[in-house]
Protein chains: 2
Amino acid sequence: MNNEEREREAGGRERELRGVEARPRNWLVPVILLSLREWNSYGYELMERASAFGFEAMNPGTLYRTLRQMEKDGIVESSWETSRGGPARRMYTITDTGRAYLDFWAKSLEQYQHTMDNFFRLYTGRPLQDKNDEESSE
Amino acid sequence: MNNEEREREAGGRERELRGVEARPRNWLVPVILLSLREWNSYGYELMERASAFGFEAMNPGTLYRTLRQMEKDGIVESSWETSRGGPARRMYTITDTGRAYLDFWAKSLEQYQHTMDNFFRLYTGRPLQDKNDEESSE
DNA sequence: ATAACCTATGTGCATTTTACATATATATAT
DNA sequence: ATATATATATGTAAAATGCACATAGGTTAT
């Protein structure tokens, strides 16, 4: 094996840079839970509310699929509402498990905010104590 | 209690609840860039540094593959270091594109922090935007 | 009436991201 | 020689995401 030759494998650079959007994983789930904790709602309405949390150009499929999965997970419940004009709506309610889940999420989010604070502290140039600097910049 | 019974009760959820960890997508990329901006480094060392940012039980494969992808994207460069004892290290350096990318990430992250602030404002019970409310008890 | 449109929910599929297991190679200690 | 620590990498599957498309009830204009 020749290690130095493998260095050439790194060609083909300058692709399009991938998504630089800072958005947490499963961010949609806590946003839906938070909305449902305020009042019961349905997909089409929740979609509009979610746009306030970074889902401005949300695809309906994503939301509806997420809602069905959340019901399977037991954090929301649903029932059809047909008592009014227009297409039937699947009305969602948050469960006790869902409230606990939301609380857990909030704690995790709080923790993560501290991690991001660390990131910014390093980014803006105020180092938290660490090992020796190779450039020895005084 | 009977866990199985409770799961049936919850509407037939077959799966565990999905990750409740608050962590943005591609979080590893800016963390690596930030580390490399301080000093050049290599995978094995970067893995240890990344643990301070929520990657405590990181799988090596994830990191190394991310690094190679980052090089393809042109935000880092690498070369083998064989001048010392032990296995060869692929030393990474941040590029100018990488610095710009990091700056862009930081801006996005800042924006995201505001979104999370909104989330917490709703979560803790205080209203989001002003819709002529004056019960803001501070 | 019917066509066009808005509301409302949903599936299919490909891509991207992530997780986990496994493989390879070099040096050092025993 | 074998075990261990260091160091990098691939193979595969699961999960998350994005985009396109499908279905259907009701309202409005023609």
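The model shown is predicted, which means the values in this text are computed figures rather than measured ones. To find a chain, count down the sequence lines: A is the first, B the second, and so on, and within it residues start at 1.
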How do A:G61 and A:R89 order along DNA chain C: which one's closest nucleotide is nearer the 5' end? A:R89

Side-chain N or O of A:Y64 versus OP1/OP2 of C:dA8: is the shortest distance under 4.0 Å? no

Can you find a pair of side-chain heavy atoms, one from B:Y42 and one from B:R90, that are under 4.5 Å apart? no

Can you sort out the partners of A:E81 under side chain to side chain donor-acceptor pair (under 3.5 Å), two or more places apart, ordered by chain and number? none

Distance in angstrom units between B:N59 CG and D:dT8 C1', rounded: 12 Å

Name the closest nucleotide to the B:Y42 side chain, picking from D:dT8, C:dA25, D:dA24. D:dT8

What class does the angle between the rings of B:W27 and A:Y112 fall in, given that below 30° is parallel, 30 to 60° is tilted and above 60° is perpendicular? perpendicular

5'-to-3' dot-bracket of DNA chain C (Watson-Crick, G-U; under 3.5 angstrom; crossing pairs as [ ]; | other strand): ||||||||||||||||||||||||||||||

So, for A:F119 and B:W105, is the gap between ring centers shorter than 6.0 Å? no

Are any non-hydrogen side-chain atoms of B:D73 and B:Y101 less than 4.5 angstrom apart? no

In whole angstrom, give the distance that lies between atom CD of A:E81 and atom P of C:dT7. 16 Å

Under the 3.5 angstrom rule, does the side chain of B:R37 hit a backbone N or O of A:Y123 as a donor-acceptor pair? yes

Nucleotide C:dT9, atom P - distance to CD of A:E48 in whole Å: 11 Å

Counting side-chain heavy atoms from CB outward, which of C:dA19, C:dG10, D:dA9 is closest to B:R90? D:dA9

Rounded to whole Å, CD1 of B:I32 lies from P of C:dT17 at a distance of 14 Å

Pick the closest DNA chain D nucleotide for B:G43 and for A:G86 by heavy atoms, then say which residue is nearer the 5' end. B:G43

Regarding the side chain of A:R65, the nearest nucleotide among C:dT11, D:dA9, D:dG11 is C:dT11

A:L28 CG to D:dG18 C1', straight-line distance once rounded to whole Å: 13 Å

Could you give the CD-to-P distance, from B:Q69 to C:dT15, as a whole number of Å? 15 Å

Out of D:dC19, C:dT9, D:dT6, which nucleotide sits closest to the side chain of A:Y44? C:dT9

Between D:dA24, D:dA7, D:dG18, which nucleotide gets closest to the side-chain atoms of A:T62? D:dG18

Here the distance between atom P of C:dT17 and atom CG of B:L63, to the nearest Å, is 16 Å

Check the distance between C:dT26's C1' and B:W80's CH2 and give it to me in whole angstrom. 11 Å

Side chains of B:Q113 and B:D117: do they bring a donor and an acceptor to under 3.5 Å? no

